[in-house]
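Chain letters run A, B, ... following the sequence lines, proteins first, then strands; residues in each count from 1. Quick caveat, the model's predicted, so the values are computed rather than measured.
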Amino acid sequence: MRINQELCIGCGECLPYCPMGAIVLETDAAEIQWDECVECGICIRQIECPVEAFYESEETRQWPRSLRKVFSDPTAKHENTGVRGRGTEEVKTNDVTARFKRGFFGIALEFGRPGVGTRLGDVEVITRTLAEERIEFEPCNPLTFLMEDIKTGVIKDEVRNEKVLSAIVEFVIPQSDLERICTKIQEAAERANCIFSFGIVARYEADGRLPVVERLEKIGFTVPKNMKVNVGLGRPLKED
Amino acid sequence: MTHSLHRIGPESSFQEDYVFISRPAMNFNHVGCTPKIQRILEILFEEGPTNMGFLSSQENMMIGFDQEELIAKTEDNSPVMACFYEREKLVNVLKKLKEEEVGISVVVTGLVDKVEDICNEVGLTPHSAGISLGVLGKTEQLPAANILCYTTMCGHGMVAAGLAKQMQQAVKDGRMSPEKASRIMAKPCYCGIFNQKRAEKFLESQK
């Protein structure tokens with residue numbers, strides 16, 4: 001996004017709305033720090049600029065900057081990567097898709113959230129580690145598409161510096177690998193130059209228990225009580 | 001695998017916070033789903049959620065929307081997203097969806113014991129659970145916890161820390177009511193899962 005310097009009256013009303021804090025007012029007119037902007041579009045959509053100074057420039061739509069918008073603007077589509085949405089439907093439709101079956105766990109690492117953003121290249125500290133562990137990255141995920149080689153987890157050079165609000169790494173592991181993979185992720189996180197939210201999806205057991213919680217607590221995670229539960233209303237119900 | 005999963009705040013703040021998301025599974029059961037999604041919307045409109053949003057039209061309950069127009073614009077892959085402050089309203093929605101055998105997947109994010117209780121009351125068997133294991137990495141980059149409790153309520157990170165700080169200060173200074181401040185914060189969240197009643201409580205307690 002850009003602010004038309006001729007139009008801006010420097011009222012500063014827009015400053016707090018940017019999730020990246022990329023709008024600054026250092027002269028008579030507000031400016032967007034171009035390299036910090038993730039093109040989420042909240043400024044142009046939500047701020048009631050009295051002079052309508054915000055505009056989307058042609059550069060926003062040019063590769064590789066165009067990636068910023070599709071990874072950051074929830075109203076945009078992943079046309080560059082050929083994948084819709086930031087990731088899969090994960091637990092939301094698991095009763096119908098059986099994406100995560102009993103005996104397996106789904107893992108999602110959402111980089112840049114909450115509220116910080118990430119350079120796509122910074123994700124590599126984790127994707128390389130996971131690749132060494134022979135993780136198979138989710139093919140229906142736009143970040144997987146941006147890897148030079150999914151066997152190494154290396155991100156393509158041309159996109160490394162693009163800053164986005166959110167990029168999700170998704171994969172499935174057998175239950176037996178839980179402790180090993182979680183520990184590897186924790187170790188790699190120590191070297192990270194960015195943040196990520198760590199999520200896991202588990203099937204309820206037939207007796208209604210979620211034994212994964214106890215296993216996670218044993219390896220040092222504090223498991224919050226707030227969870228996202230698929231309540232089993234989807235049809236046809238796909239059994240494991 | 002995220003969206004409503006990583007809401008931050010003390011456990012007590014989730015006592016009256018339930019996120020409802022329903023969507024068909026693409027390439028599994030989405031074809032011809034429009035009438036089913038429209039029925040889900042009707043049921044939600046009947047019960048009256050705390051907030052509700054639509055990415056396609058970039059609207060939520062704080063911005064305002066035309067119910068009939070939204071129903072008319074529904075497509076086979078439209079998601080339905082809302083949040084509830086009142087448990088009973090959510091229970092009623094789930095009961096109707098079960099009775100009418102609508103057949104579209106639903107996730108409810110909330111305190112797991114309470115969500116399981118609701119499932120038990122409605123006669124549902126919880127299928128799977130998304131579990132947050134927190135934020136890792138360079139966490140010194142994060143805003144303070146008393147700001148994250150607001151910003152993490154938008155499933156797409158559209159509520160800025162700067163806006164939360166500004167609203168918090170306006171309430172502290174007595175320039176704005178918690179209700180008005182929470183409604184302003186909820187506007188950028190088009191997925192409509194920003195629970196402005198929960199935000200109001202935070203603002204009251206942070207005065």
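Chosen from A/Pro74, A/Cys18, A/Ala192, A/Pro114, the residue pairing most often with chain B at heavy-atom distances under 4.5 Å is A/Pro74. Taking chain A as the reference chain and counting heavy-atom pairs below 4.5 Å, the highest number among B/Pro126, B/Ser132, B/Gly162 is found for B/Pro126. Chain A forms the most heavy-atom pairs under 4.5 Å with one residue out of B/Ser22, B/Gly9, B/Ala160, B/Gly130, and that residue is B/Gly130. Considering only heavy-atom pairs separated by less than 4.5 Å from chain B, the leading option among A/Met227, A/Lys225, A/Glu205 is A/Met227. When the candidates A/Cys194, A/Pro224, A/Cys40 are compared by the number of heavy-atom contacts under 4.5 Å with chain B, A/Cys194 comes out ahead. Ranking A/Asp73, A/Leu233, A/Asn226 against chain B, the residue ahead of the rest is A/Asn226, based on heavy-atom pairs under 4.5 Å. Of the listed residues (A/Thr97, A/Leu210, A/Ile185, A/Thr222), the greatest number of heavy-atom pairs within a distance under 4.5 Å of chain B belongs to A/Thr97. Between chain A and the options B/Gly134, B/Cys119, B/Ala164, heavy-atom pairs under 4.5 Å are most frequent for B/Gly134. With chain A as the partner, the residue from B/Leu142, B/Ile147, B/Thr152, B/Val102 showing the most heavy-atom pairs under 4.5 Å is B/Leu142. Of the residues considered (B/Leu94, B/Asp17, B/Val19, B/Val135), B/Val135 shows the highest number of contacts with chain A, using heavy-atom pairs under 4.5 Å. Between chain A and the residues B/Leu136, B/Val112, B/Val122, B/Leu55, the largest count of heavy-atom pairs under 4.5 Å involves B/Leu136. Taking A/Ala189, A/Gly117, A/Ala202, A/Pro236 one by one and counting their heavy-atom pairs under 4.5 Å with chain B, the maximum is reached by A/Ala202.
Heavy-atom distances place the backbone of B/Cys154, and not its side chain, under 4.5 Å from chain A. Of the atoms belonging to A/Leu237, it is side-chain heavy atoms, and not backbone ones, that fall under 4.5 Å from chain B. Within the 4.5 angstrom heavy-atom criterion, only side-chain atoms of B/Glu11, from C-beta onward, approach chain A. Residue contact with chain B, scored on non-hydrogen atoms closer than 4.5 Å, involves the backbone and the side chain of A/Gln186 alike. For B/Thr151, no part lies under 4.5 angstrom from a heavy atom of chain A. Proximity to chain B (any heavy atom under 4.5 Å) is restricted, for A/Leu165, to the side chain, taken from C-beta onward. Contact of A/Val231 with chain B is made through backbone and side chain together, with heavy-atom distances under 4.5 Å. Proximity to chain A (any heavy atom under 4.5 Å) is restricted, for B/Ile63, to the side chain, taken from C-beta onward. Looking at B/Glu116, the atoms closer than 4.5 Å to chain A (heavy atoms on both sides) all sit in the side chain, from C-beta outward. Of the two parts of B/Ile131, the backbone and the side chain both hold a non-hydrogen atom closer than 4.5 Å to a non-hydrogen atom of chain A. Of the two parts of B/Ile104, only the backbone, made up of N, CA, C and O, holds a non-hydrogen atom closer than 4.5 Å to a non-hydrogen atom of chain A. For A/Val125, no part lies under 4.5 angstrom from a heavy atom of chain B. Looking at A/Tyr17, both its backbone and its side chain come within 4.5 Å of chain B, counting heavy atoms on both sides. Heavy atoms closer than 4.5 Å to chain B are found in both the backbone and the side chain of A/Ile195. Contacts between B/Pro24 and chain A at a heavy-atom distance below 4.5 Å involve the backbone alone (N, CA, C, O). For B/Pro143, the part lying under 4.5 angstrom from a heavy atom of chain A is the side chain only.
Remark: the A/Asn230 side chain and the B/Ser128 side chain contain no N/O donor-acceptor pair separated by less than 3.5 Å.
Annotation: side chain of A/Lys228 is not in contact with side chain of B/Arg7 (no heavy-atom distance under 4.5 Å). Residues B/His6 and A/Phe198 are not in side-chain contact: their nearest non-hydrogen atoms beyond the backbone lie 4.5 Å or more apart.
Here the closest non-hydrogen pair linking B/Ala129 and A/Tyr204 is CB-CE1, 4.0 Å. Minimum heavy-atom separation, B/Ile21 to A/Lys92: CG2-CD, 4.0 Å.
A donor-acceptor contact shorter than 3.5 Å links the side chain of A/Arg113 to the backbone of B/Gly155. With hydrogens and angles disregarded, a donor-acceptor distance shorter than 3.5 Å links the side chain of A/Arg203 to the backbone of B/His127. A donor-acceptor pair under 3.5 Å is formed between the side chain of B/Asn29 and the backbone N or O of A/Arg235. In terms of modelled atom types and a separation under 3.5 Å, the side chain of A/Glu89 and the main chain of B/Met26 share a donor-acceptor contact.
By the neighbour-count criterion of 12 heavy atoms within 6.0 Å, atom CD of A/Glu214 is sparsely surrounded, having that number or fewer from other residues, nucleotides or ligands.
The only option from B/Val115, B/Thr109, B/Val106 that meets the side-chain contact (heavy atoms from CB on, under 4.5 Å) definition with A/Val229 turns out to be B/Val115.
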Would B/Leu133 and A/Leu216 satisfy side-chain contact (heavy atoms from CB on, under 4.5 Å), going step by step from the backbone distance to the final call? CA-CA 9 Å; B/Leu133 300 180; A/Leu216 289 165; 3.7 Å; yes
When you look at A/Thr93 and B/Val107, which way does the side-chain contact (heavy atoms from CB on, under 4.5 Å) test go after all the steps? CA-CA 8 Å; A/Thr93 54; B/Val107 288; over 6 Å; no
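Expressed to the nearest 0.5 Å, how far CD of A/Glu48 lies from NZ of B/Lys187 amounts to 6.0 Å.
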